[in-house]
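A short worksheet on the structure shown next.
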Amino acid sequence: MDSIRPASAADLESICRIYDAAREFMHAHGNPTQWPGDYPGLVDAEEDLERGALYVLDEGAGPVAAMSALPGPDATYDVIEGEPWLNDEPYWVMHRLAVLEAGHGAGTRMLSWLCGLHDNLRADTHADNRPMQRTFERCGFVRRGTIYVEDGTPRIAYHYVA
């Protein structure tokens with residue numbers, strides 16, 4: 001039986017495998033630069049776990065998807081070029097949504113779950129990450145302008161308002 005739940009320390013090895021699989025998928029499908037090197041990795045998962053921001057989709061045999069979700073504000077979203085945010089209300093942020101195996105709807109299930117909990121969400125993805133763009137749109141997110149992540153590279157900003 002599927003369950004989306006907060007991650008535990010026992011999940012960290014599985015989460016790292018999920019990150020590795022997602023990174024390999026992105027590299028093989030025209031998105032070689034969004035997650036460079038070993039990002040995200042164990043350190044990122046441990047930080048998210050410590051903040052209480054790491055969630056997994058467990059299909060019974062262990063996690064098959066992971067994401068970070070936490071309340072804003074997030075400085076990454078302070079400046080947006082092009083289309084503005086839909087509102088300036090308090091929001092939650094989703095980062096690092098990753099699945100073990102693409103094409104099975106795990107990412108959509110996780111994002112839909114998060115939308116059911118929070119009525120104002122912001123997220124972003126790389127212009128080359130077409131699967132994530134489709135997932136956002138499938139879950140009701142609206143494409144907005146461009147934001148820039150910590151290393152200065154652009155990302156497409158998405159906003160969900162229930």
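Keep in mind that this is a model prediction, so the values were computed, not measured.
Between the Arg122 side chain and the Gly72 main chain, no donor and acceptor come within less than 3.5 Å of each other. Of the possible polar contacts, none joining the Glu47 side chain to the Leu42 backbone as a donor-acceptor pair under 3.5 Å is found. In this structure, Asp48 contributes its side chain and Ala45 its backbone to no donor-acceptor pair below 3.5 Å. Put simply, the side chain of Gln133 gets close to the backbone of Ala127: a donor and an acceptor are under 3.5 Å apart. In this structure, the side chain of Arg23 engages the main chain of Pro40 through a donor-acceptor pair within 3.5 Å.
A chain of hydrophobic side-chain contacts below 4.5 Å, direct or via other Ile, Leu, Val, Met, Phe, Trp or Tyr residues, connects Tyr158 to Leu121. Follow the hydrophobic side-chain contacts under 4.5 Å out from Ile15 and you never reach Met132; the two are in separate clusters. Both Leu97 and Leu114 are members of a single hydrophobic cluster when ILVMFWY side chains are connected at heavy-atom separations under 4.5 Å. Phe141 and Leu117 fall within a single hydrophobic cluster, where Ile, Leu, Val, Met, Phe, Trp and Tyr side chains are chained together by heavy-atom contacts under 4.5 Å. Placement of Val64 and Tyr55 within a single hydrophobic cluster is found when ILVMFWY residues are connected by side-chain heavy-atom separations under 4.5 Å, directly or transitively.
A donor and an acceptor atom, one from each side chain of Arg17 and Ser14, are located under 3.5 Å apart. Donor-acceptor pairing under 3.5 Å is recorded for the side chains of Glu101 and His104. Side-chain N/O atoms of His159 and Asn120 include a donor and acceptor closer than 3.5 Å. At a cut-off of 3.5 Å, with distance as the only test, no side-chain donor of His29 or Asp128 sits close to an acceptor on the other residue.
Note that the OG1 atom of Thr135 and the CZ atom of Arg109 stand 12.0 Å from one another [nearest 0.5 Å]. Once rounded to the nearest 0.5 Å, the distance linking OG1 of Thr108 with CZ of Arg138 reads 4.0 Å.
If you chain together ILVMFWY residues whose side-chain heavy atoms come under 4.5 Å of each other, Val93 ends up grouped with Tyr77, Ile80, Trp85, Tyr91, Ile147, Val149.
Counting heavy atoms from C-beta on, the side chains of Pro84 and Arg144 come closer than 4.5 Å. Side-chain contact between Arg5 and Asp58: present, with at least one pair of heavy atoms (C-beta onward) separated by less than 4.5 Å. Put simply, the side chain of Pro63 reaches to within 4.5 Å of the side chain of Ile18, judged on heavy atoms.
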Notebook entry, point to check: Between Glu81 and Tyr148, is a side chain to side chain contact (heavy atoms under 4.5 Å, CB included) present by the stated rule, with each step listed?
Noted result: CA-CA 9 Å; Glu81 294 177 354; Tyr148 294 86; 2.9 Å; yes

Next item on the list: Take Met67 and Leu57 through the test side chain to side chain contact (heavy atoms under 4.5 Å, CB included) and record every step on the way to the result.
Entry: CA-CA 9 Å; Met67 73 176 167; Leu57 168 62; over 6 Å; no

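Other residues, nucleotides and ligands contribute over 12 non-hydrogen atoms within 6.0 Å of the CG atom of Asp151.
The only member of Arg134, Arg155, Gln34 that meets side-chain hydrogen bond (donor to acceptor under 3.5 Å, both in side chains) when paired with Asn129 is Gln34. If you run side chain to side chain contact (heavy atoms under 4.5 Å, CB included) between Phe136 and each of Ile156, Leu111, Asp124, only Leu111 comes through.
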